[in-house]
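The next block holds one structure in the form of structure tokens; read it before the comments.
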Amino acid sequence: MWVTKMGNKTKSAKTGKYILSKALSDYGVKYIFGYTGGAIMPLVDELTNFPKVKPIKVRNEQGAAFAAQGYARATGKIGFVFTTSGPGATNTVTGVADAFMDSTPIFIITGQVPTTVVGTDAFQESDMVGIMYPITKQAIMPTTTSEIAKTFYELTEIALQGRPGPVHMDLPKDIQLNKSTETDYKPKKTREYYPREDVNQADYKKAAKLINEAARPVVFCGHGVILSKAEKDFKQFVEKANLPFAFTMQGISAVKDDHELALGMMGMHGEAAANRAILNSDLIISIGMRFDDRVTGKLSEYAKDARVIHVEIDPAEISKNVMTDIPINADAKDALKKLIPLVKTKARKPWFSQIRESKKKWAEYIEPKIKKGTGPNGGLLMSRVITELSDITKGKDNIVTDVGIHEMMCARYYNYQRTNSFFASGGAGTMGFALPTSVGVKLARPDERVWAIMGDGGFQMNIQELGTILEHNLDIDIIIMNNGVLGMVRQWQDLFFEKRFAETDLPNPDFQKIGEAYGIPCKKIDKVKDIKKAIEWAIEVKGPTITEFIIDKDEKILPMVPSGATFDNMIETL
């Protein structure tokens with residue numbers, strides 16, 4: 001045995017694969033999502049000696065990054081990923097970029113060729129640190145086995161610190177096999193990844209003064225409210241000050257969707273009442289969001305008559321897009337706790353009367369359409385399917401959605417009644433997100449119902465993850481909104497490209513046969529009267545299901561603020 005003498009003690013040297021496996025186990029990692037291969041085989045082999053850490057074999061490494069996202073977002077913990085070098089590692093890049101955009105903490109461990117051949121274009125070598133660096137908070141390649149434990153614990157801290165996000169360890173094969181006596185590392189607090197000074201109490205007082213004096217205020221509820229676990233504080237804040245609030249897409253489910261002060265989602269495909277309130281507001285109070293282009297529209301005209309208070313943990317986001325009158329660089333929970341005692345209740349009757357009128361106008365337009373349930377070509381409406389799903393589940397299930405019109409329908413028509421129950425790809429807008437992400441959400445919340453809702457296009461992007469669901473018999477209810485087209489792109493083509501439907505038709509396979517090949521019970525629904533029965537059937541079946549709804553290809557998500565336009569150019573009806 002290779003040993004090192006330490007005074008009267010003898011310390012055994014351990015392999016890198018053992019050191020990392022032990023670190024994963026000691027850290028409390030329950031699942032690690034990935035796919036094995038030559039450069040990561042030593043670690044995967046060693047993990048068999050650490051039964052507390054269960055590898056979940058996906059069918060493509062992109063699926064591992066998304067499954068880890070689902071687990072991270074459902075638990076508030078880090079989601080872990082392992083892959084081999086080269087193509088195995090590069091396959092994760094889309095999922096990592098997606099996590100980076102949406103502030104999701106995942107930890108990617110990629111195998112790498114031995115250090116003796118790094119830089120020689122060896123078989124399955126890719127410069128993963130170089131690739132990962134711009135889409136992670138930190139990317140590191142340990143070059144000695146003695147660095148592994150320290151690197152692991154520092155990366156876990158960086159992933160969760162400040163604004164959460166992905167981190168990456170690229171681990172050469174020889175470093176996994178070499179030995180070191182540096183088997184343990186006592187974690188100590190690293191530097192703040194986003195160092196910031198404490199907010200001056202005078203700034204909170206200034207912010208409260210603006211809030212108390214505002215006649216037409218609107219609060220924005222962003223993803224940061226959920227990430228900082230500030231949902232109760234946010235609710236207390238808006239209720240005490242009597243402030244209407246709108247959700248960013250990733251802020252949905254921070255507070256109950258039908259709260260009396262809620263305006264719904266804002267932005268490009270947001271509620272008319274939310275967008276009109278922003279257009280006419282005199283004060284915007286933004287909590288934990290970054291003013292991206294889907295929220296603001298044309299920046300030069302955005303809320304030009306409103307003052308802005310921006311509460312944000314990442315200082316780089318403050319005044320990056322929208323100039324801020326009172327910046328508060330702080331965690332959302334901390335900031336809200338300091339603002340609550342300072343704000344006062346104010347009736348603002350004319351403002352709420354204006355908001356109610358806007359809500360009423362839209363309801364009078366949309367409710368008859370949803371009640372009918374079919375579109376101009378006789379196909380089902382997604383809005384009807386999601387409304388019925390919401391009614392049957394009482395808004396209490398986990399909704400994991402892909403990207404497209406159905407995503408906006410889930411954001412708009414599901415009545416979320418539970419905190420942190422909506423999972424979507426926001427900043428990156430990645431098709432193929434829903435199926436693998438639902439795997440992570442289900443493993444994180446095994447006793448809760450999980451719906452993976454996607455279009456026929458997004459379903460086929462990561463369709464192979466049906467194999468992961470099959471292997472673990474995960475009780476995930478899959479809904480395919482099959483309209484035979486790429487619906488969101490088609491909507492843009494219809495409105496802005498003179499109905500030139502270039503490359504948006506989808507000649508699809510028989511999804512029922514594909515489901516059956518994976519041993520998953522399936523139904524295909526094309527009549528309004530069968531929607532409710534199909535959803536109830538999926539709930540009753542133990543294990544995964546696929547329900548395919550035949551959707552009208554011309555259903556649109558409205559209102560819509562055209563790209564680069566202002567909120568007063570919003571298309572409400574056609």
Side-chain angles (χ1 to χ4, degrees), residues 66-77 79 98-99 102-105 164 221-235 238 245-259 261-266 270-271 287-289 332-333 382-383 385-403 406-426 433-454 474-479 481 535 538-539 544-545:
F66 284 129
Q69 273 208 64
Y71 188 84
R73 288 176 60 172
T75 62
K77 301 176 181 178
D98 190 286
D102 286 345
S103 306
T104 304
C221 179
H223 196 197
V225 174
I226 294 173
L227 291 174
S228 65
K229 297 180 173 56
E231 299 93 342
K232 290 181 180 179
D233 306 280
F234 182 89
K235 183 170 177 285
V238 296
F245 65 91
F247 298 104
T248 66
M249 190 178 76
Q250 297 293 44
I252 289 170
S253 77
V255 181
K256 287 184 179 181
D257 202 59
D258 56 0
H259 190 285
L261 294 170
L263 302 174
M265 186 178 75
M266 60 181 166
E271 298 279 1
I287 314 289
M289 54 84 74
K333 190 177 186 71
M382 298 182 212
S383 51
V385 174
I386 299 303
T387 298
E388 293 217 27
L389 177 66
S390 181
D391 291 344
I392 292 167
T393 63
K394 297 181 171 56
K396 294 182 178 180
D397 287 358
N398 296 286
I399 303 298
V400 187
T401 178
D402 218 84
V403 171
H406 64 278
E407 176 186 30
M408 298 299 110
M409 296 292 181
C410 289
R412 293 272 302 281
Y413 296 109
Y414 194 86
N415 185 13
Y416 296 90
Q417 295 296 298
R418 290 177 56 244
T419 296
N420 193 22
S421 57
F422 175 68
F423 305 89
S425 172
F433 175 89
L435 197 59
T437 302
S438 69
V439 169
V441 174
K442 185 63 184 179
L443 288 170
R445 301 177 177 178
D447 299 325
E448 299 178 14
R449 202 154 44 230
V450 175
W451 297 87
I453 303 175
M454 60 209 80
L474 298 174
D475 190 1
I476 297 170
D477 293 309
I478 299 164
I479 288 178
M481 302 287 197
I535 294 169
I539 291 171
T545 63

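Computed from a prediction, not measured in an experiment: that's the story for all the values here. Along the sequence shown, residues are numbered consecutively beginning with 1.
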Note to self: I'd like to check the side-chain hydrogen bond (donor to acceptor under 3.5 Å, both in side chains) partners of Asp477; sequence neighbours left out, ordered by chain and number.
What the structure shows: Thr545
For [X] versus [Y], what's the shortest heavy-atom pair and its separation?
X      : Y      : answer
Ala230 : Ala332 : CB-C, 4.3 Å
Ile386 : Tyr413 : CG2-C, 3.8 Å
Val225 : Ser228 : O-OG, 3.5 Å
Pro164 : Pro105 : CB-CD, 4.0 Å
Ile476 : Ala452 : CG2-CB, 4.1 Å
Asp402 : Glu407 : O-CB, 3.1 Å

Note to self: Suppose we screen for ring pair (Phe, Tyr, Trp, His ring centres under 6.0 Å). Which residues come up paired with Phe245, at least two apart in sequence or across chains?
What the structure shows: Phe234, Phe247, His259
So do [Y] and [X] actually touch side chain to side chain, heavy atoms under 4.5 Å?
X      : Y      : answer
Met266 : Thr248 : yes
Thr104 : Phe66  : no
Glu231 : Ile226 : yes
Met249 : Phe422 : yes
Met409 : Met481 : no
Val385 : Ile453 : no

Checklist line | Heavy-atom neighbours of Lys235 NZ exceed 12 at 6.0 Å | finding: no
With a 3.5 Å distance limit and no angle check, can you tell me whether [X] reaches the backbone of [Y] through a side-chain donor-acceptor pair?
X      : Y      : result
Lys442 : Asp447 : no
Ser253 : Ser421 : yes
Thr75  : Ala444 : no
Arg73  : Ala424 : yes
Ser438 : Leu435 : yes
Gln250 : Gly222 : no

I need the [X] [atom1] to [Y] [atom2] distance, nearest 0.5 Å.
X      : Y      : atom1 : atom2 : value
Thr387 : Ile392 : OG1   : CD1   : 11.0 Å
Asn415 : Lys256 : CG    : NZ    : 9.5 Å
Cys410 : Leu389 : SG    : CG    : 7.5 Å
Lys229 : Lys333 : NZ    : NZ    : 9.5 Å
Thr401 : Phe433 : OG1   : CZ    : 9.0 Å
Glu271 : Met265 : CD    : CE    : 7.5 Å

Checklist line | Derivation and outcome, side-chain hydrogen bond (donor to acceptor under 3.5 Å, both in side chains), residues Asp98 and Ser425 | finding: CA-CA 7 Å; Asp98 190 286; Ser425 172; 2.5 Å; yes
Note to self: Out of the candidates Asp102, Asn398, Ile399, only one should pair with Phe423 under the side chain to side chain contact (heavy atoms under 4.5 Å, CB included) rule; please name it.
What the structure shows: Asn398
Checklist line | Reference residue Tyr414; test side chain to side chain donor-acceptor pair (under 3.5 Å); the match among Asp397, Thr393, Asp391 | finding: Thr393
Check: When you look at Met382 and Met408, which way does the side-chain contact (heavy atoms from CB on, under 4.5 Å) test go after all the steps?
Finding: CA-CA 10 Å; Met382 298 182 212; Met408 298 299 110; over 6 Å; no
Next item on the list: For the pair Gln417 and Asp258, evaluate side-chain contact (heavy atoms from CB on, under 4.5 Å) and give the outcome as yes or no after the intermediate values.
Entry: CA-CA 8 Å; Gln417 295 296 298; Asp258 56 0; 3.1 Å; yes
